[in-house]
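Note that the structure is predicted; figures quoted are calculated from it, not measured. Positions are given from 1, in the same order as the sequence printed here.
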Amino acid sequence: MFRDGPLARRAPETIRYGTGRCPVGALLVATTEKGIVSIMVRDTQSRLIRDLGARFPRANLKRDEKGSKATVAKVARYIAAPFRPFALPLDIRGTDLQQRVWREVRKIPFGETSTYTKIAEAIGAPKAIRAVAQSCSRSWFAFAVPCHRVLHKGGATAQNRRDGRQYRWVDYEAKLAAGME
């Protein structure tokens, strides 16, 4: 599990979060003063809260359903119709390589997919295919940084399709795109 690095040299930050539902499951949106720091979609609300605690083990997590209501609603509406780039401010944290990967991933248009190989080439690191895959798996911005649109070069295996949230989200977007035609 990716963690937000050591906070020993500075006071723990406060992260506020709210929960809701979206078309693909339970939704949690966490924010800082800079913007959204995490968007998670899981099967259950309890799993969301557990995963948020694991993601930010030293942060002061404050459940703020009332204060987060508008942001959670906007994110849920976006997930229901992710046709354009995500417009809300994000507080994206990661290494330089991760930042480059996530910027490139955000360029993938709705209804299209890419591969780890293509993303690695686009960021000027053609041999960093595994690092791109790891960066995508460590993105905590469901749909806002659409890492689910980045697939293995060989395509989805039956096992991946059955077990992978990523492929369920690609299928979900494909159904939305088919409805637009």
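Here CD of Q98 is found 13.0 Å from CZ of R93. Values are rounded to the nearest 0.5 Å. The CG atom of L176 lies 11.5 Å from the CD1 atom of I79; values are rounded to the nearest 0.5 Å. Rounding to the nearest 0.5 Å gives a distance of 9.5 Å between OG1 of T71 and CG of D64. Atoms OH and CG, from Y116 and L151 in turn, are 7.0 Å apart once rounded to the nearest 0.5 Å. Rounded to the nearest 0.5 angstrom, L28 CG and I49 CD1 are separated by 6.5 Å. Between the OG atom of S135 and the CD1 atom of I123 there is a distance of 7.0 Å, given to the nearest 0.5 Å.
For Q134, the side-chain hydrogen bond (donor to acceptor under 3.5 Å, both in side chains) test picks out no residue, with sequence neighbours left out. R16 meets the side-chain hydrogen bond (donor to acceptor under 3.5 Å, both in side chains) test with no other residue; sequence neighbours excluded.
Residues W140 and I92 are not in side-chain contact: their nearest non-hydrogen atoms beyond the backbone lie 4.5 Å or more apart. Side chains of T14 and L61 form no contact here, defined as non-hydrogen atoms less than 4.5 Å apart. Side-chain contact between Y17 and V37: absent, with no pair of heavy atoms (C-beta onward) separated by less than 4.5 Å. Looking at heavy atoms from C-beta onward, L88 lies out of side-chain contact with Y78 at the 4.5 angstrom threshold. Side-chain contact between L48 and V41 is absent, with no heavy-atom pair separated by less than 4.5 Å. Side-chain contact between F56 and S38: present, with at least one pair of heavy atoms (C-beta onward) separated by less than 4.5 Å. Within the 4.5 Å cutoff, the side chain of P82 has heavy atoms near those of the E173 side chain. Two residues are said to be in side-chain contact when any heavy atoms from C-beta on lie closer than 4.5 Å; C147 and W102 meet this criterion.
Proximity of the aromatic rings of F143 and H148 is defined here by a centroid distance below 6.0 angstrom, and this criterion is met.
Across I119, T115, I108, V105, a single residue satisfies side-chain contact (heavy atoms from CB on, under 4.5 Å) together with R149, and that is I108.
Summarising the geometry of A125 relative to R100, their closest heavy-atom pair is CB-NH2, 4.0 Å, with the distance given to 0.1 Å. Residues A144 and P146 approach most closely at O-CD, 3.5 Å, considering heavy atoms. The heavy-atom pair separating F141 from I36 by the smallest distance is CE2-O, 3.2 Å.
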Before giving the answer on side-chain contact (heavy atoms from CB on, under 4.5 Å), spell out for R47 and T44 the whole-Å C-alpha distance, their side-chain angles and the decisive distance to 0.1 Å. CA-CA 5 Å; R47 176 127 187 249; T44 64; 3.2 Å; yes
Test salt bridge (Lys or Arg N to Asp or Glu O under 4.0 Å) on E65 and R63; report intermediate values, then the result. CA-CA 6 Å; E65 296 294 346; R63 189 171 195 154; 2.8 Å; yes
Test side-chain contact (heavy atoms from CB on, under 4.5 Å) applied to L90 and V145, step by step: CA-CA 10 Å; L90 299 174; V145 179; 4.3 Å; yes
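Taking a cutoff of 4.0 Å between a charged side-chain nitrogen and a carboxylate oxygen, K62 and E13 do not qualify as a salt bridge. Residues K175 and D171 are not paired through a salt bridge, judged by the lack of any N-O separation under 4.0 Å between the basic side chain and the carboxylate. Classification of E121 and K118 as a salt-bridged pair fails, no side-chain N sitting under 4.0 Å from a carboxylate O.
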Side-chain atoms of residues 20-27: list all donor-acceptor pairs with protein atoms under 3.5 Å, sequence neighbours left out, distances to 0.1 Å.
none

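With hydrogens and angles ignored, the 3.5 Å screen pairs no side-chain donor or acceptor of R42 with any backbone N or O of D51.
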